[in-house]
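Input: a single structure, listed below in structure tokens.
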Amino acid sequence: MNKPKKTARLKNLLQSDQTEFILEAHNGLSAKIVEEAGFSGIWASGLALSAQHAVRDNNELSWTQVVNMLEFMSDATSIPILLDGDTGYGDFNNMRRLVRKLEQRDVAGVCIEDKLFPKTNSFIQGERQELEDVETFCGKIKAGKDAQSDDDFCIVARVEAFIAGWGLDEAIRRGEAYRQAGANAILIHSKMSQPDEILEFTREWDNRCPLVIVPTKYYSTPTEVFRQHRISLVIWANHLIRANIAAMQNTARTIHDSQSLVDVEGRVATVPEIFRLQGAEELLEAEKIYARSARPDASAIILAASRGRGLDELTLSRPKVMIPVAGKTVLRRQVDKFKAQGINDITVVGGYHSEAIDEQGVKVAVNDDWESSDELVSLSCAVESVADDTVLIYGDLLFRSYILNTLMDWDAELLVVVDSSPLDEAQGNKNDLAYCSAPDDRAMYQQKVTLAQVSSARDWGGRKPDGRWIGMLRASGAGKAQLLDSLDQLRAEDGFAGLAVPDLLNRLVRNGHKPQVQYISGHWMDINNLNDLQRAGDFAHHNDS
Ligand code: SPV
Ligand code: MG
């Protein structure tokens with residue numbers, strides 16, 4: 001069942017036979033806090049709205065600035081808002097426009113007071129304040145009621161007779177005229193520290209229509225007294241802005257004086273609490289549905305457990321992934337590429353000097369047996385990081401961005417990247433030779449080629465290799481289970497500790513899950529020796545790697 005409209009809910013608060021309570025708010029955040037505290041309505045206080053902008057409660061804030069803030073308050077909450085509309089910001093015509101604009105923003109009602117524009121706060125020299133002519137004020141009420149398109153929108157007429165130094169008769173005369181003009185409720189205000197004049201008014205009023213009060217000055221009156229006098233609505237009018245001011249002053253002073261955050265950390269809201277109030281969680285969920293660039297179900301696993309022979313000096317106290325190439329580590333280069341693809345769950349499996357693996361945005365898993373084991377043991381250390389869509393790469397790989405972009409664009413359960421450039425021209429690792437269902441035929445763009453075998457042998461059943469597997473694969477959808485099942489199979493067999501990723505690829509093929517091949521021609525390199533490292537600098541300079 002749909003919740004009743006905010007307007008109907010405010011009307012119910014005014015007309016219920018119990019005393020109801022609403023609390024001041026002055027922006028979206030405070031409005032939300034009022035709702036979370038359990039209140040059934042919000043007082044959008046003119047004093048608080050102006051104070052939060054450090055301007056005076058003398059209509060220095062323009063009415064459109066007020067309405068703009070109400071839009072945030074209304075969007076942030078589901079309970080009705082009663083706006084303190086001062087004098088209606090002008091004559092009957094301005095009042096009509098105000099009501100229409102408030103309805104558009106789902107504000108449930110407005111309270112206007114019988115003073116002159118620009119008004120002054122009731123607690124600043126109230127007796128010097130001039131009251132609006134009764135007939136003119138009644139015209140504003142009528143114009144507002146005629147302008148509303150929702151029958152339940154409420155107009156509360158505020159009687160300032162006591163504030164301006166008039167007596168009970170004038171207060172009653174005005175209240176009655178406003179009631180007859182169509183006001184849904186009368187707000188009777190007082191600046192006394194005791195509720196006497198309010199209670200006198202209440203008795204004389206005798207429930208002609210709902211009464212609203214603002215006990216800021218007579219705050220010590222027991223709430224039970226308001227109930228006994230059948231007050232319909234009590235407005236706690238300015239207590240969140242005051243709480244705000246006191247907390248901010250305290251915090252600012254403490255931080256200034258101590259030149260440290262230590263004394264305030266436990267006394268201020270946490271940053272996650274800010275995120276919660278902003279609804280950050282909902283956005284993360286929505287991103288999963290709507291945002292194309294994010295890949296919430298994707299992860300990357302980087303194998304980087306070995307020391308890397310041939311780079312002795314450079315890997316004395318760090319693994320290969322942490323060697324800088326043209327000012328950035330190999331790992332940083334890889335991580336930046338994954339992040340550019342929306343892959344944010346990145347795990348590096350370390351072993352040799354794994355404590356030196358230190359880059360923003362990566363998790364580190366450790367293969368403690370790195371010295372006596374090979375790649376599949378390392379991969380097993382990161383099985384929790386295998387997501388619905390996982391890229392697995394070697395930690396010493398430099399490659400151009402388009403290679404990963406294409407890998408992520410293809411729709412295949414298992415995909416491997418194979419470099420088809422002639423072996424005798426190729427540098428770097430020449431072990432992982434790939435034998436495929438067809439050679440790279442660039443005339444046949446997007447030909448579907450599958451992997452048959454990865455081997456270090458230069459001949460396989462009388463065939464020449466079709467290229468080299470570069471140390472990059474992707475498993476997604478059903479490919480995830482296929483990969484993990486084959487890994488499990490191998491783990492149960494003898495000699496597992498000595499197996500590498502090509503053994504897993506070959507097992508996948510044997511199990512009937514032939515990875516599709518993405519052919520490339522160059523544009524990558526791996527780093528195995530000082531020579532490679534020198535070339536890597538050039539490669540990084542001349543490519544987007
Ligand atoms: C306000 O909250 O802005 C009010 C109530 O109008 S009072 O400040 O008591 O006038
Ligand atoms: Mg006010």
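All values derive from a computational prediction rather than experimental measurement. As the structure lists them, so they are numbered: ligands from 1, and atoms in each ligand from 1.
- Atoms of ligand 1 found under 4.0 Å from any heavy atom of S122, numbered from 1 in the order shown, are 10 (O).
- Under the 6.0 Å cut-off for aromatic ring centres, Y178 and F137 qualify, their centroids lying closer than that.
- The pair D17-R230 does not meet the salt-bridge criterion, since no charged nitrogen lies less than 4.0 angstrom from a carboxylate oxygen.
- Between the side chains of N238 and H26, no donor N or O sits under 3.5 Å from an acceptor N or O.
- A donor-acceptor pair is defined here as one N or O able to donate and one able to accept, closer than 3.5 Å; no such pair exists between the side chain of R100 and the backbone of M95.
- Taking distance alone, with nitrogen or oxygen atoms compared against 3.5 Å, T216 stays at or beyond that limit from ligand 1.
- Listed by number with element, the atoms of ligand 1 under 4.0 Å from a non-hydrogen atom of L47 are 1 (C), 3 (O).
- Cation-pi contact between K191 and F162: absent, since separation from the ring centre below 6.0 Å together with deviation from the ring axis within 45° is not met.
- Q148 places a side-chain N or O within 3.5 Å of a backbone atom of D151 that can act as its donor or acceptor partner.
- Distance alone, capped at 3.5 Å, places no donor-acceptor pair between the K32 side chain and the M73 backbone.
- Outside the 6.0 Å centre-distance limit, the rings of F201 and H189 are not counted as a close aromatic pair.
- Among protein heavy atoms, the minimum distance from atom 2 (O) of ligand 1 is reached at S45 OG, 2.7 Å.
- The protein atom (non-hydrogen) at minimum distance from atom 9 (O) of ligand 1 is H189 NE2, 2.8 Å.
- For the pair K142 and F92, the cation-pi test (distance below 6.0 Å, angle within 45°) is failed.
- Distances under 2.8 Å from the Mg ion (ligand 2) pick out the protein N/O/S atoms D84 OD2.
- Backbone and side-chain nitrogen or oxygen atoms of A48 are examined, and none is located within less than 3.5 angstrom of a nitrogen or oxygen of ligand 1.
- Numbered from 1 in the order shown, with element, the atoms of ligand 1 that lie under 4.0 Å from a heavy atom of A237 read 2 (O).
- Judged purely by atom type and a 3.5 angstrom limit, K328 has no side-chain atom pairing as donor or acceptor with the backbone of A540.
- Ligand 1 has no nitrogen or oxygen under 3.5 angstrom from a nitrogen or oxygen of V214.
- At a heavy-atom distance under 4.0 Å, only side-chain atoms of N121, from C-beta outward, approach ligand 1.
- The protein non-hydrogen atom at the shortest distance from atom 6 (O) of ligand 1 is R158 NH1, 2.7 Å.
- For atom 1 (C) of ligand 1, the nearest protein heavy atom (residue, atom name, distance) is D84 OD2, 3.2 Å.
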